[in-house]
Protein chains: 2
Amino acid sequence: MASGPEQSRGRATIVDVATAAGVSRQTVSNALNYPQRVAPATLVRVHREIERLGFTPNAAAQQLRRRKASAYGFEVNPSGAGKMGHILDGFLVELTVAAPDHSCHLVTFAPDLTSLLAGYDQILSTGLVDGFVLGDTRHDDPRPAWLLQNDVPFVTFGRIWDEPHMGRWVDVDGRAGMELAVEHLLGQGYASVAYLGWPDGSPVGDDRRRGWLAGLADAGLADDPIAEEAVQDLAAATAAADRLLARLGPDSAILCASDLLALGALRAVRNRGLEPGRDIGVVGFDDSDVAEALQLSSLRQPLQQAAAEAWRIVHAKGTDLSLTALLAPTLTVRESTSRAGDTPARPPTPVPRPTP
Amino acid sequence: MASGPEQSRGRATIVDVATAAGVSRQTVSNALNYPQRVAPATLVRVHREIERLGFTPNAAAQQLRRRKASAYGFEVNPSGAGKMGHILDGFLVELTVAAPDHSCHLVTFAPDLTSLLAGYDQILSTGLVDGFVLGDTRHDDPRPAWLLQNDVPFVTFGRIWDEPHMGRWVDVDGRAGMELAVEHLLGQGYASVAYLGWPDGSPVGDDRRRGWLAGLADAGLADDPIAEEAVQDLAAATAAADRLLARLGPDSAILCASDLLALGALRAVRNRGLEPGRDIGVVGFDDSDVAEALQLSSLRQPLQQAAAEAWRIVHAKGTDLSLTALLAPTLTVRESTSRAGDTPARPPTPVPRPTP
DNA sequence: ATGCCCTATTTGAACGATCCAACTAGGCTG
DNA sequence: CAGCCTAGTTGGATCGTTCAAATAGGGCAT
């Protein structure tokens, strides 16, 4: 697989190939970077030697001469790794998979404790990366402005809500996703669709709530929208969902801003002796592992598309500020929204509680 | 933060610092790499100029000259990203956080479809990375042998079960973790501890099962161990747990090989009208987001330690084949194993099912 | 004073590739 | 037949750093 060069003093270099093919090193370089400049006969001869010697251009030498690393930094946050709804892990994977299509790669780095920008400045100043993919956008985020000011290529996953005119982002259209979910739920025969969301103030949450309302309006059901709020916590979600159920009639559905909230809804439903899907429809957001395990219908973010768009945007030349991509999520339908769902979780014979 | 060099033609280089400090470039290099070779007075002068000019050594130039990238590759697998129990995401984060301690960084790459080794060979041949951190170990894994044969530094997360004598791994002691869990459960007052595990044959699963048996033996309860098997699937796990409950007396506990299996156990327990924790103890493995959300006690892998050990091993010089680290997991105790747990999930007033 | 050693520092030469400008054949034009 | 153009090829310089060997300049013993 990796056969050594003439002299076994390491890997084959471009001059090894050149001498073997009887040409100059520049011709070998041209054969790889500008094939149209090289005579066809020479081209095949060079490529044969490249193949034979197992030559691969040295990345460090290319980076040095080209003044370009063809690498991008991705900040990973220790606090939220593996957390539910943290689709960043999946996004990173899809970015990595798509990276070769753009002949570049990804370098991970951890945030600097002193400053939000320090970590970025440091890895950038070594020339290790050309730019960044920001996996999240925070409120009052100083990073986009700083990067723009320093002419550093970047793209964020998540809209830059504070500055709507600022481009260079890719995001998932939570609003459209919610409309889709409402349509699905009504199509399944649920009479009404209530909403379990986060408290006002988070841009993402507000956007999703608007999607729910829009979905109701589309169906002409917007006259009396029923909603409850809960923070991202199971106990709070369960309690809020229970309040919701108290206000709802039969054959209702609950649309949730996250899988965790939906998990609370599932518990509240079961606590009332009801069966999710058959009695009450429940839809979550992010299609996390939990959703899959609990047979919870959920909106899935198109991470593969998002990664592709991210690479496109980060590589786009010029200062075009309107480089954006808004992608529609898809709905993964499971038992929690199917009326005729068999309920395998229920055991054949209920057993009374054993008394000590 | 990033002030330019004398001529604003890019970043400050080592010669910019040298001329500014009135020394040769090599002295600046020495000041950074071998400070003891430089006279104290010169040292402070050089460092002052480095600070003033905001100089950072160019990584590509260093890599080229040192013939060393100070980077390591980490293969990310598209199929299992974000999956429950996939602690690889967390491991990658901890590796990234700890990387600066070893003045190196991490480069992610996706598996090549043609061959398991092709992706490794390719990124290695460019000199982009010096070695690899393998996030998982498969059965009949050709990678460790290949890497060893080619003198490529590496370390695996997960023992190399096929070749017990082969070193260069860091792993979590599932067996010890299970013993710890059994001890905890018995200490909580549960009369017996049953086991819900994977079918025989997986090295990890068999190891954990042995830990359970060892824990029972330590307590003198090994005479009639009760266990059931299920594949990594919620429905199967729920059914198996239900079979287990049929065989168990009151005040028992179920120790599970994974959080997903434990999730099935929780459902089976609730389906019988019992309350996890109060009536039946349940313990999972991996302390995933689900465990946290469902208040499930679970064994947590010490990923931070694992990352530190991984860096130590991958950087260890020589061909010492016995470079290993076996770390003990910790138990995160939650309501599913606390007898006197309040049960916030139960609503104050049960409501009958609404009839249409 | 001469020789010698030791320390601090400097100079030359890589590392492996690409950019740039120059060079050589040819064929074509006027 | 001189001159021009183009395709194909080449050598020199360069990216920014570190390695290896050479130099300068004391201090100390002979």
Of the listed nucleotides (C/dT9, C/dG16, D/dT18), which one gets closest to any side-chain atom of B/Val38?
C/dT9

In terms of side-chain heavy atoms, does B/Asn58 have a donor or acceptor partner in B/Gln62 at a distance below 3.5 Å?
no

Name of the residue among A/Val97, A/Thr96, A/Val107 meeting side-chain contact (heavy atoms from CB on, under 4.5 Å) with B/Thr108:
A/Thr96

Taking only Lys NZ, Arg NE, NH1 and NH2, and the carboxylate oxygens of Asp or Glu, determine whether B/Asp140 and B/Arg138 approach each other closer than 4.0 Å.
no

Reported CZ-to-CG distance for the pair B/Arg65 and A/Leu64, which is rounded to 0.5 angstrom:
12.5 Å

Consider the side chain of A/Val23, meaning its heavy atoms from C-beta on, and name the nucleotide among C/dT9, C/dG12, D/dT10 that approaches it most closely.
D/dT10

Quick one: A/Arg66 CZ to D/dC15 C1', roughly how many Å, whole number?
13 Å

Hey, which of these two, B/Ala61 or B/Arg37, hits DNA chain D nearer its 5' end, going by closest nucleotide?
B/Ala61

Without decimals, in angstroms, what is the distance between A/Asn33 CG and C/dG16 C1'?
13 Å

With nearest nucleotides of DNA chain D determined for A/Ala39 and A/Arg25 from heavy-atom distances, which residue corresponds to the more 5′ nucleotide?
A/Ala39

Side-chain (A/Trp169) to main-chain (A/Val155) donor-acceptor, under 3.5 angstrom
no

Among B/Phe109, B/Phe74, B/Tyr72, B/Trp146, find the one that has a ring-ring contact (aromatic ring centres under 6.0 Å, His included) with B/Phe132.
B/Phe109

Decide, yes or no, whether a salt bridge links B/Asp136 with B/Arg143 under the criterion of side-chain N to carboxylate O below 4.0 Å.
yes

Looking at the side chain of A/Ile14, which of C/dA17, C/dG16, D/dT9 is the nearest nucleotide?
C/dA17

Under-3.5 Å donor-acceptor pair between B/Arg65 side chain and D/dT18 base
yes

Side chain of B/Gln26 only, heavy atoms from C-beta on: which candidate in D/dT10, C/dT11, C/dC15 is closest?
C/dT11

For the side chain of A/Ser24, starting at C-beta, report the closest nucleotide among C/dT9, D/dT10, C/dT18.
D/dT10

So how far off straight is the helix from C/dA1-D/dT30 to C/dG30-D/dC1, going by the axes through five pairs at either end, to 10°?
70°

When all nucleic acid strands are considered with a 4.0 Å heavy-atom cut-off, which category describes A/Thr126: base, sugar-phosphate, or nothing?
nothing

